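A short write-up of the structure that comes next.
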Amino acid sequence: MRAGRDDNGSDTRHTAPPSINRNRLSDQDTSVAQKVHWIRNKVSRKGEKKAGGWDEFWQTLLYQYFLWRKDTWSDLQLFMVINTLLLLLGGVIQGQMVPSGEGESNGGVFNFWNSLYSILKIILGQDLPEETGVAIAEQIFAVTIAVIGLASFALILALIEQVVLEVLEGNVRKGSAVMEEGHYVLLCWGESSRDLNQAIRIVKEICGSHRNTAGGVAIAVLCQGQEKLGMESLFETAVPEHLRYGCRLVFRQGSPLDPLALDLIAAQKAKAVIIAGDYSQRCRESDAQVLRSAVLMDEAVHSSYEKPLIIAEMQTEDGLELIKYSCSSSVRPIFTTKINTLRTARLLRHPVASVVSHNLFDHNSPCFIGIYYDTQERLVGKKISEIMQYFEYATPFGFGRTDLMEFDLNPDPDRVMGRDEQIVLLQSVHPSATKALEAPFISFKSGEDTWDIDVFMANAGKVTAVYQRDPRSLSGRFNSHWGSTSSSDESTTRFFALLENQDRTASCPNVLICGWPGNSYSMALIKALDSKLGLEDGGSVTILNLHEESEIEGILDSLRGGLNNITVVHKKCDPRNIHELRSAVDIRDFSAAIVLSDTKWIVDRNISGFALSSSEMMRMDALILTCQLNIRYLNEETGFSDISIIAEKLSGESKQTRFEDRERLPIGAAINSASFSAKSLAQEALIPGSIEIYSNVDQSCALQVQDSSTFAFEGEAISYACLQSRCASLQMILLGYYVIPESAVEKVKLILNPQGAEEKSKPIVWNDGECRCKLVLASKHEHVPAVEKDSVPYSSDTLDPVPSKTLSHHN
């Protein structure tokens, strides 16, 4: 190219188009250019990372402060500390900048500083000149400066106050972004009292599971219907500090359907996310909301974090199928309606099952589901009966593979533990519950035990000793007949002890259902009663409520084609009215009764589903109790007493009456579906696979209550561990035992999973010939020999009371 100059006069020699220059660069020049480009990018990324790091540092600092902050007193403490530090720091700096003995300097800069310093003294300290000896102009100037300074200071102070209040408003009332990782997230709606009660139960379970964990864990609760400060105040009372076991509770207000709200609580960084159902809506509407929230969570993938386990509560079969279809394996739907209805069906025969199932998912109980990982493989190759002797505070219940979600509960007596298997435990809250001993705490010599299966077969099905009330008129003395200590008549305090109704239900498999909580739940309950856990073939279900027959019959017609064992009949009747109840049914035809809530019972408002306030829930509980007592009264009136009554309870953990208490006679099973659903959701989030284990209990095991005479000779003193071994030889897992009280004023003594080697090893006389000590078993043998009529210790015709005896040697 010819040398010359361009229009601007620049030398154009050696100049070429940029593309030509890049093509003609040597290898060395290319290497240098690449290095320069790499260094520039690195410096740029470093700057961005540094800026992002400082931003994240301040966000984390603010988050930790507002997590610690409780009220204005917390702010005052912080500001006092900051001011004290600033004063100390200023003193140090002043001492360094103006050392003692330093001479004065002269010059324009010094004079300007003196003038400025004088003005600052006037502004900050109102150090006005003296009244005399000073020029008026100087005084006016000083006053002007002071007024302007005070006004400016007041304005700046007001602005600072406004900024501070905005910050406090944003972080205290609403909350900033949650700066947690590996925490638990609860997404709830908070639109009804049942929603809040369920949220409280879930938080309690997560806190209880970390009682033996140093430092606890963070639990972030996102609630749609309640403000952050309101939730903090509610949980301050419901879950006080000593029940949190070091866990940190973080509350934010927002909708589980809002992706920004999910980001606010760092749901993507969580260990597990629980999406609770909305009990203020009907089941299908609730499932729709949970489904969308689950899809949002399933798609919210964070590249730097593993996708959290997502537990979603579903209340309908359609919703269950949709969520399985639309979400990945990270989402685990829990069909709580089926879990609750199957539990109710199981309670018909064994009211004690209410206590057992209540404990299985309660992390504050002595008998909840846990998993033991035998990392040292010390128990590999051992039978379940042998493994039981290695756990002081837990009861081995079976084997499983958590990675495959396969479990073998109550295994064959000769089956041994595999190398890749874990042990399913029913454990307590003791720190050593999931720790296996180095050696068995007790051993048995083979051939010394004289007990065999013939003893079991001879005593299986022996009923409970029954103590009947005086069969006199009930008029005016209804309350005292239930063992009231205020009664002066000694005969009225003698109440019959619980008779396990497996035989009565089998011979008279008819169930009375009062109420109608909703179509989805009621239909699921009828299906559960038709299953193998419910009634025998040929049983019947009679439904009493105030709904129109055409409405209920249309629903029942859609069910009848799929029912195999039972028939269903509906009658329009108000079970709250004892006269209508007496006219509608003969109570002697039923072996069990289930009392549920009914949307028709509260007529002063248009309710949708369970959208009840706290006072309305307690009002509904009162109506349910009225129905239950009507049934009990008619049952006594007709001379019958061996009926199981299962009653729903809507309100939270308020004080229970003796008709709902699991430990007092007459034993009535109180079921709170929202509370049990909460336990199920929390358990699955804490121990993945727990619901699969619980389902396998229904499929492969049956709860049995056997008299102690089936496994112990009369007067024989043996240990609890020996009883466990005998039960395991018949493929039964001993869960615990209970002692029937001698009167209604005493509590039922139920012991599940006795604690400690000493407690399991000491000899006890279990069978004293009175049939008051009952063993709670999980067994594959669902049917036991029928009870002989002569073995029943009373006649239902004469209702003569049976003299009571004293059960000895039970601690």
Side-chain angles (χ1 to χ4, degrees), residues 181-185 205-206 209-210 212-213 217 267-275 294 297-298 300-314 320 323-335 339 360-361 363 368-384 386-388 390-391 394-412 415-427 433-436 679-701 733 778:
E181 297 178 12
H183 56 301
Y184 288 91
V185 170
E205 292 301 320
I206 298 177
S209 68
H210 289 82
N212 300 318
T213 304
V217 70
Q268 300 171 356
K269 305 177 184 179
K271 179 180 181 180
V273 178
I274 301 175
I275 309 175
M297 280 300 311
D298 194 35
V301 180
H302 197 290
S303 57
S304 302
Y305 300 91
E306 184 179 353
K307 182 180 290 188
L309 175 65
I310 303 169
I311 310 298
E313 178 181 7
M314 306 305 293
L320 181 68
I323 200 170
K324 288 181 178 179
Y325 164 77
S326 57
C327 296
S328 68
S329 58
S330 297
V331 179
R332 296 189 181 179
I334 307 299
F335 191 11
I339 292 175
L360 288 180
F361 289 160
H363 281 266
F368 61 90
I369 297 175
I371 302 292
Y372 173 73
Y373 296 86
D374 187 17
T375 56
Q376 300 180 1
E377 299 185 353
R378 290 186 290 107
L379 303 179
V380 173
K382 296 185 181 297
K383 302 176 183 178
I384 193 73
E386 299 172 325
I387 294 176
M388 289 178 179
Y390 284 83
F391 290 90
T395 298
F397 195 71
F399 307 119
R401 290 279 302 273
T402 55
D403 54 339
L404 302 177
M405 287 296 164
E406 296 178 354
F407 301 96
D408 183 12
L409 304 181
N410 189 16
D412 187 271
R415 187 193 185 292
V416 297
M417 178 180 173
R419 187 172 302 276
D420 297 327
E421 290 184 318
Q422 295 85 42
I423 301 175
V424 179
L425 298 177
L426 300 181
Q427 66 181 67
T434 56
K435 297 179 181 178
K679 292 182 179 183
S680 305
L681 298 172
Q683 179 72 14
E684 183 67 17
L686 294 166
I687 305 177
S690 299
I691 298 299
E692 186 70 24
I693 295 174
Y694 185 75
S695 300
N696 284 348
V697 171
D698 286 336
Q699 296 172 6
S700 61
C701 302
I733 303 295

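This structure is a prediction, so every number in the text was calculated from the model and none was measured.
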Practice item. Using side-chain hydrogen bond (donor to acceptor under 3.5 Å, both in side chains) as the criterion, list what pairs up with Glu181, not counting sequence neighbours. Key: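 Counting only residues at least two positions away or on another chain, Glu181 forms a side-chain hydrogen bond (donor to acceptor under 3.5 Å, both in side chains) with Tyr305.
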
To the nearest 0.5 angstrom, please state how far the [atom1] atom of [X] sits from the [atom2] atom of [Y].
X	Y	atom1	atom2	answer
Thr395	Ile733	OG1	CD1	8.5 Å
Ser690	Lys679	OG	NZ	14.0 Å
Ile693	Ile371	CD1	CD1	4.0 Å

Exercise for review: Before giving the answer on side-chain contact (heavy atoms from CB on, under 4.5 Å), spell out for Val185 and Ile274 the whole-Å C-alpha distance, their side-chain angles and the decisive distance to 0.1 Å.
Suggested key: CA-CA 6 Å; Val185 170; Ile274 301 175; over 6 Å; no

Exercise for review: Evaluate side-chain contact (heavy atoms from CB on, under 4.5 Å) for Lys383 paired with Arg415, printing each intermediate quantity in order.
Suggested key: CA-CA 6 Å; Lys383 302 176 183 178; Arg415 187 193 185 292; over 6 Å; no

Please report the closest heavy-atom contact between [X] and [Y], naming both atoms and the distance.
X	Y	answer
Met314	Pro333	CG-CB, 3.9 Å
His183	Val217	CA-CG2, 4.5 Å
Ile323	Leu320	CG2-O, 3.2 Å
Phe407	Gly689	CE1-O, 3.9 Å
Ile310	Met297	CD1-CB, 3.6 Å
Ser680	Ile339	OG-CG2, 4.1 Å

Exercise for review: Applying side-chain contact (heavy atoms from CB on, under 4.5 Å), run through Leu681 and Glu205 and close with a yes or a no.
Suggested key: CA-CA 10 Å; Leu681 298 172; Glu205 292 301 320; over 6 Å; no

Any donor-acceptor pair under 3.5 Å linking the side chain of [X] with the backbone of [Y]?
X	Y	answer
Lys307	Asp298	yes
Gln683	Ile369	yes
Gln422	Tyr373	no

Point to revise | Geometric class of the His363/Phe368 ring pair [parallel <30°, tilted 30-60°, perpendicular >60°] | key: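 Aromatic pair Phe368/His363 classed tilted.
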
Practice item. Check whether any side-chain heavy atom of Phe361 lies under 4.5 Å from a side-chain heavy atom of Ile691, and answer yes or no. Key: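 Yes; the side chains approach each other to less than 4.5 Å.
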
Practice item. Just jot down the side chain to side chain contact (heavy atoms under 4.5 Å, CB included) partners of Ile387, sequence neighbours excluded, or say none. Key: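 Ile387 satisfies side chain to side chain contact (heavy atoms under 4.5 Å, CB included) with Leu379, Lys382, Phe391, Pro396, Phe399, Met417, Ile423 once adjacent residues are dropped.
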
**Study point:** Residues in side chain to side chain contact (heavy atoms under 4.5 Å, CB included) contact with Lys435, at least two apart in sequence or another chain
**Key:**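 Testing Lys435 for side chain to side chain contact (heavy atoms under 4.5 Å, CB included), a comparison that skips the adjacent residues, returns Ser432.
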
Check your understanding: Would Glu313 and Ile334 satisfy side-chain contact (heavy atoms from CB on, under 4.5 Å), going step by step from the backbone distance to the final call?
Key -> CA-CA 5 Å; Glu313 178 181 7; Ile334 307 299; 5.6 Å; no

